[in-house]
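Small disclaimer: the values here were computed from a predicted structure and weren't measured.
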Amino acid sequence: MSKKILVVDDEQSIVTLLKYNLEQAGYTVLTANDGEEGYELAMSDKPDFIVLDLMLPKMDGIEVCKNLRQQKMMTPILMLTAKDDEFDKVLGLELGADDYMTKPFSPREVVARIKAILRRTQTLIQSAVEEQDPKDYLKVGELKVYPEHYEAYIGEELLELTPKEFELLLYLTENKGRVLTRDQLLSAVWNYDFAGDTRIVDVHISHLRDKIEQNTKKPIYIKTIRGLGYKLEEPKVS
């Protein structure tokens, strides 16, 4: 069965272009021309991936993204923005988008991004599952990561993670104790060259800390290694 992609954009020419290219790549495509319609389609049809424009009538892309995450929909979201405005891009990521692209763009690049994110998601789960019994999990302190179920817990509390946050946490956990540079994390988790845009890593690390650390100013799991990157480690018992 082909993956289902929802494209939400108020520019019909972009919708038509993306629909054609995605269908050529073997995907089933749903479309919407405003934020409200896009949100309703996402909730009712449960797509495997959402391409979401930032500037939309009725409900903008930021609001759609925020509302979907509040409804516990963790479908990967690629945000499109016509603005070359870093605030918009980072805000979109902070509210739960997995990736962003600035218009104008190549439709082939959009398809490549979608494939990369979907492939990376599946590869991470598959590789981790093949190395362990399905009932197994990765454990660091009170943190438990279940690759097969795409779930992570702190103690008994289930963490509400976006797909990209989970992939980042899984990669950090698999490499417990190793210092990982931002470029290494970009390559491993995003699976393509992000032209050194390491702020994406920083935003997602910040999200993970909000969800797993008791005190984000003094993290005990995800440590910043100044000038290098990040390391996930066993909390020190005081």
### Query
Does a side-chain heavy-atom distance below 4.5 Å link K115 with V111?
yes
### Task
Check whether any side-chain N or O of R209 sits under 3.5 Å from a backbone N or O of I222 as a donor-acceptor pair, and report yes or no.
yes
### Least distance between heavy atoms, V189 atom then K164 atom
O-NZ, 3.3 Å
### Query
What are the two closest heavy atoms between P47 and A42, and how far apart are they?
CD-O, 3.5 Å
#### Entry: NZ (K66) with more than 12 external heavy atoms under 6.0 Å
no
### Query
Between atom CG of L78 and atom OH of Y100, what is the distance when rounded to the nearest 0.5 Å?
11.0 Å
### Query
Does some side-chain heavy atom of K103 sit less than 4.5 Å from a side-chain heavy atom of I14?
yes
### Message
Can a donor-acceptor pair be found, under 3.5 Å and without considering hydrogens, that links the side chain of Y221 to the backbone of E142?
### Response
yes
### Query
Counting heavy atoms not belonging to E160, are there more than 12 under 6.0 Å from its CD?
no
### Smallest separation among heavy atoms of V15 and A32, with atom names
CG2-O, 4.5 Å
### Query
Are K176 and E234 ion-paired here, with the side-chain N under 4.0 Å from a carboxylate O?
yes
### Contact summary for D10 and M55, nearest pair of heavy atoms
OD1-O, 3.6 Å
### Message
Quick check for you: to the nearest 0.5 Å, what is the distance between T75 atom OG1 and D98 atom CG?
### Response
9.5 Å
### Nearest atoms (heavy-atom pairs only) where R182 meets D202
NE-OD1, 2.7 Å
### Non-hydrogen side-chain atoms of V140 and V145 separated by less than 4.5 Å
no
#### Entry: side-chain contact (heavy atoms from CB on, under 4.5 Å) evaluation trace for V110 with N21
CA-CA 9 Å; V110 175; N21 281 273; over 6 Å; no
### Query
What residue among V8, D99, L80 forms side-chain contact (heavy atoms from CB on, under 4.5 Å) with V51?
L80
### Pairs flagged by side-chain hydrogen bond (donor to acceptor under 3.5 Å, both in side chains) wherever residues 31-43 is involved - sequence neighbours left out
Q12-N33
### Query
Are there more than 12 heavy atoms of other residues, nucleotides or ligands under 6.0 Å from atom NZ of K58?
no
### Task
Could you tell me whether a side-chain N or O of K223 sits under 3.5 Å from a main-chain N or O of E233, the two making a donor and an acceptor?
no
### Message
When you measure from the side chain of D9 to the backbone of E11, do you find a donor-acceptor pair of N or O atoms at a distance under 3.5 Å?
### Response
yes
### Message
Looking at I154, is its backbone amide N or carbonyl O close enough to the side chain of E157 to form a donor-acceptor pair, meaning the two atoms are under 3.5 Å apart?
### Response
no
### Query
Would you say the side-chain atoms of K139 pair up with the backbone N or O of G141, donor to acceptor, closer than 3.5 Å?
yes
### Task
Look at atom CZ of F105 and say whether more than 12 heavy atoms of other residues, nucleotides or ligands are closer to it than 6.0 Å.
yes
### Task
Measure from the side-chain N and O atoms of E213 to the backbone N and O of I220, and report whether any donor-acceptor pair falls under 3.5 Å.
yes
#### Entry: Over all atoms of both residues, closest heavy-atom pair of G35 and V64
O-CG2, 3.5 Å
### Task
Would you mind reporting whether L143 and Y153 have side-chain heavy atoms less than 4.5 Å apart?
no
### Message
I want to check something: taking the side chain as every heavy atom from C-beta on, are M43 and L68 in contact at a cut-off of under 4.5 Å?
### Response
yes
